[in-house]
Visitor: 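Following this message is one structure expressed as structure tokens.
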Amino acid sequence: MHIHFVGVGGAGMAPLAELLLERGVEVSGSDIEFNAKCAALESMGAHIVTGHRAENVSDHVTALVYTSAAATDNPELLRARSLNIPCFRRGEYLAEFAKRYRRVISVSGTHGKSSISAATASILTKCGKTPGFMIGAQIAGMNSCANGGGDDLFVTEADESDGTHTALKNFIGVVPNVEDDHAWSLGGKEVLEANFRKFAANSEILLYYASPMCDRLFADHPRAVRLEKMPDEFAGLHGFQAANAFIAVQAAVIAGCNEADAVAAAADYPQVKRRMTVHRAGEKSILIEDYAHHPTEVARSIELLRMRYSGKPLLVVFQPHRYARLERYFDEFASVLSTADRVVVVPVFAAWCESGKVGGRELADVSGGEYFEGEWKDIAVKISQFIPASGSVVAVLGAGDVEKVIPYLSEYIH
């Protein structure tokens with residue numbers, strides 16, 4: 001086999017390529033930028049090139065896997081189709097790969113997929129299982145976010161943004177929540193909801209947190225495990241991190257782990273990077289990063305920060321992610337950001353669409369915040385003027401490249 005990846009350096013693409021390399025499959029790939037993930041794959045034996053060109057797809061390629069962000073006229077995709085090479089979206093090929101395992105645990109839903117997947121894989125491992133896993137985010141303290149494991153259990157994220165979560169056949173389908181995020185990329189809310197119903201139907205056991213949306217979508221599932229309430233505290237964790245750990249424990253128990261052992265394992269599961277990550281803690285101020293990029297996530301992040309650092313003023317630096325999302329939830333973003341003591345908004349991370357009806361400046365205006373653009377170093381200088389001498393919690397929120405401000409901002413945390 002020779003599998004070629006278009007967009008091989010992506011968060012979900014690179015670990016899938018790594019799993020194939022583990023199994024001795026020949027892997028090649030391309031991306032518009034040669035990043036650290038590309039370098040890691042190359043060190044494992046993959047042939048990686050920068051830029052998309054038809055000649056990157058050789059006659060020997062047996063299948064092509066492409067990111068959903070790839071344009072329909074991508075030259076490598078066109079070349080593969082002209083050669084009648086089977087072409088798969090990333091999530092579709094993930095489903096093919098997962099067939100190698102007897103029991104698949106897939107985590108879908110709007111929020112928490114990476115953290116819950118990482119927690120589930122960690123708990124299973126600590127309880128003596130040997131799960132394979134694929135996480136679409138870096139895990140703290142680990143060089144890789146993928147591992148082939150044995151042939152019994154496989155834990156993976158199941159992305160709803162392009163509908164490919166419907167391709168997976170699951171022993172356990174985990175759905176912590178469902179909101180209408182990504183409805184714009186699927187053709188509407190009705191399509192999104194139909195996809196989640198199909199994901200549930202493809203799951204032998206469905207594990208989910210109760211909510212009006214989930215209860216409506218999953219009411220007729222024959223083997224649904226409905227968790228009535230998200231805990232505010234569990235296994236020494238709080239807020240949404242407690243809720244993520246709790247549902248991961250339930251999945252591990254269903255998969256055969258002893259409950260007491262699973263709870264103990266949940267207490268110190270490796271956190272996913274860019275999720276409530278402390279970058280610098282000074283005597284008076286602290287700098288924290290979180291991946292929150294949806295109004296619900298921003299609200300839960302602020303709630304947890306208020307709980308952890310009660311009494312400290314909160315300065316939120318927020319980068320909107322995708323113009324479509326900002327437009328859809330503009331009022332909700334404005335409302336939740338206004339609950340911080342101080343807000344700084346930076347330019348939108350475009351992701352697929354380069355413009356929109358509203359941007360970061362408009363969001364800053366209605367949320368009572370400041371809007372800064374330019375080089376990240378200069379933005380950090382401007383943000384530093386709002387950190388009081390008495391100290392503050394500085395929270396950098398967003399799923400784009402706002403993390404680039406952190407090294408510069410760290411210089412002002414004392």
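Small disclaimer: the values here were computed from a predicted structure and weren't measured.
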Visitor: Keeping K126 on the side-chain end and D261 on the backbone end, is there a donor-acceptor pair under 3.5 Å?
Guide: no
Visitor: Using 30° and 60° as the class boundaries, would you call the ring planes of F349 and H321 parallel, tilted or perpendicular?
Guide: parallel
Visitor: Less than 4.5 Å apart, any side-chain heavy atom of I387 and any of I413?
Guide: yes
Visitor: Please check if the side chain of D341 supplies one atom and the backbone of L314 the other of a donor-acceptor pair under 3.5 Å.
Guide: yes
Visitor: More than 12 foreign heavy atoms under 6.0 Å from CD of E375: is that the case here?
Guide: no
Visitor: What heavy-atom pair brings A245 and L237 nearest, and what distance separates the two atoms?
Guide: CB-CD1, 3.6 Å
Visitor: Could you tell me which non-hydrogen atom of I172 sits nearest to which non-hydrogen atom of A255, and how far apart they are?
Guide: CD1-N, 4.2 Å
Visitor: Please step through salt bridge (Lys or Arg N to Asp or Glu O under 4.0 Å) for the pair K357 and E362, ending with a clear verdict.
Guide: CA-CA 10 Å; K357 294 180 181 178; E362 290 83 2; over 6 Å; no
Visitor: Any side-chain heavy-atom pair from H47 and V49 closer than 4.5 angstrom?
Guide: yes
Visitor: Tell me whether S335 contacts the main-chain N or O of D331 through its side chain, where contact means a donor paired with an acceptor under 3.5 Å.
Guide: no
Visitor: Checking the side chain of S108 only, and the main-chain atoms of A158 only, is there a donor and an acceptor separated by less than 3.5 Å?
Guide: yes
Visitor: Does the side chain of I383 come within less than 4.5 Å of L315's, by heavy atoms?
Guide: yes
Visitor: Students often mix this up, so state it plainly: with edges at 30° and 60°, are the rings of F154 and Y101 parallel, tilted or perpendicular?
Guide: parallel
Visitor: Are the side chain of H221 and the backbone N or O of S203 linked by a donor-acceptor pair below 3.5 Å?
Guide: yes
Visitor: Got a donor-acceptor contact below 3.5 angstrom from the E327 side chain to the Y323 backbone?
Guide: no
Visitor: Could you check whether the rings of F196 and H165 sit parallel, tilted or perpendicular, using 30° and 60° as the cut-offs?
Guide: perpendicular
Visitor: With no hydrogens and no angle check, is any side-chain donor or acceptor of E332 less than 3.5 Å from a backbone partner on P295?
Guide: no
Visitor: Report the relative orientation of the aromatic rings in Y93 and F5; use parallel for angles under 30°, tilted for 30 to 60°, perpendicular for over 60°.
Guide: perpendicular
Visitor: Please confirm whether the backbone N or O of G109 pairs with a side-chain atom of K113, one donor and one acceptor, at under 3.5 Å?
Guide: yes
Visitor: What do the steps show when you test D180 against R328 for salt bridge (Lys or Arg N to Asp or Glu O under 4.0 Å), and what is the final call?
Guide: CA-CA 10 Å; D180 66 356; R328 189 178 190 90; 3.1 Å; yes
Visitor: Verify the distance criterion only: is there a donor paired with an acceptor across the side chains of E160 and T110 at less than 3.5 Å?
Guide: no
Visitor: Please find the pair of heavy atoms, one from I379 and one from G374, that lie closest to each other, and give the distance.
Guide: CD1-O, 3.7 Å
Visitor: Begin from the C-alpha positions of V263 and F234 and carry the test side chain to side chain contact (heavy atoms under 4.5 Å, CB included) through to its verdict.
Guide: CA-CA 9 Å; V263 172; F234 177 72; 3.9 Å; yes
Visitor: Looking at every heavy atom in both S301 and D290, which two are closest together, and how far apart are they?
Guide: OG-OD2, 2.6 Å
Visitor: Would you mind reporting whether E26 and H4 have side-chain heavy atoms less than 4.5 Å apart?
Guide: no
Visitor: Main chain of D162, side chain of R89: is a donor-acceptor contact present, judged purely on distance under 3.5 Å?
Guide: yes
Visitor: Using the side chain to side chain contact (heavy atoms under 4.5 Å, CB included) rule, take C257 and K129 through it: C-alpha gap first, then chi angles, then the decisive distance, then the call.
Guide: CA-CA 8 Å; C257 293; K129 310 292 184 182; 4.2 Å; yes
Visitor: Indicate yes or no: at least one non-hydrogen side-chain atom of R102 is less than 4.5 angstrom from one of D152.
Guide: yes
Visitor: When you look at M213 and E193, which way does the side chain to side chain contact (heavy atoms under 4.5 Å, CB included) test go after all the steps?
Guide: CA-CA 9 Å; M213 173 75 85; E193 292 184 5; 3.6 Å; yes
Visitor: Taking all heavy atoms of E259 and all of V253, pick out the closest pair and write down the distance.
Guide: CA-CG2, 3.7 Å
Visitor: Would you sort out whether R306 and V393 count as a side chain to side chain contact (heavy atoms under 4.5 Å, CB included), showing the intermediate values?
Guide: CA-CA 9 Å; R306 294 288 197 195; V393 176; over 6 Å; no
Visitor: Apply salt bridge (Lys or Arg N to Asp or Glu O under 4.0 Å) to the pair K273 and E289, showing each step before the final yes or no.
Guide: CA-CA 9 Å; K273 290 186 176 180; E289 179 189 16; over 6 Å; no
Visitor: Using modelled atom types only, decide if a donor and an acceptor are shared between the side chain of S285 and the backbone of S392 within a distance under 3.5 Å.
Guide: yes
Visitor: Does a side-chain heavy-atom distance below 4.5 Å link C87 with Y66?
Guide: yes
Visitor: For A167, enumerate each residue passing the side-chain contact (heavy atoms from CB on, under 4.5 Å) test, keeping only those at least two apart in sequence or located in another chain.
Guide: A95
Visitor: Any side-chain heavy atom of K37 sitting closer than 4.5 Å to one from M13?
Guide: no
Visitor: Between D220 and R197, does any NZ, NE, NH1 or NH2 come within less than 4.0 Å of an OD or OE carboxylate oxygen?
Guide: no
Visitor: Just to verify, what does N56 make a side-chain hydrogen bond (donor to acceptor under 3.5 Å, both in side chains) with, not counting sequence neighbours?
Guide: E76
Visitor: Ignoring hydrogens and angles, write down the donor-acceptor pairs under 3.5 Å from the side chains of residues 401-411, residues two or more places apart or on other chains.
Guide:
{"unit_1": "D401", "atom_1": "OD1", "unit_2": "Q319", "atom_2": "NE2", "d": "2.8"}
{"unit_1": "E403", "atom_1": "OE2", "unit_2": "R274", "atom_2": "NH1", "d": "3.3"}
{"unit_1": "S410", "atom_1": "OG", "unit_2": "I406", "atom_2": "O", "d": "2.8"}

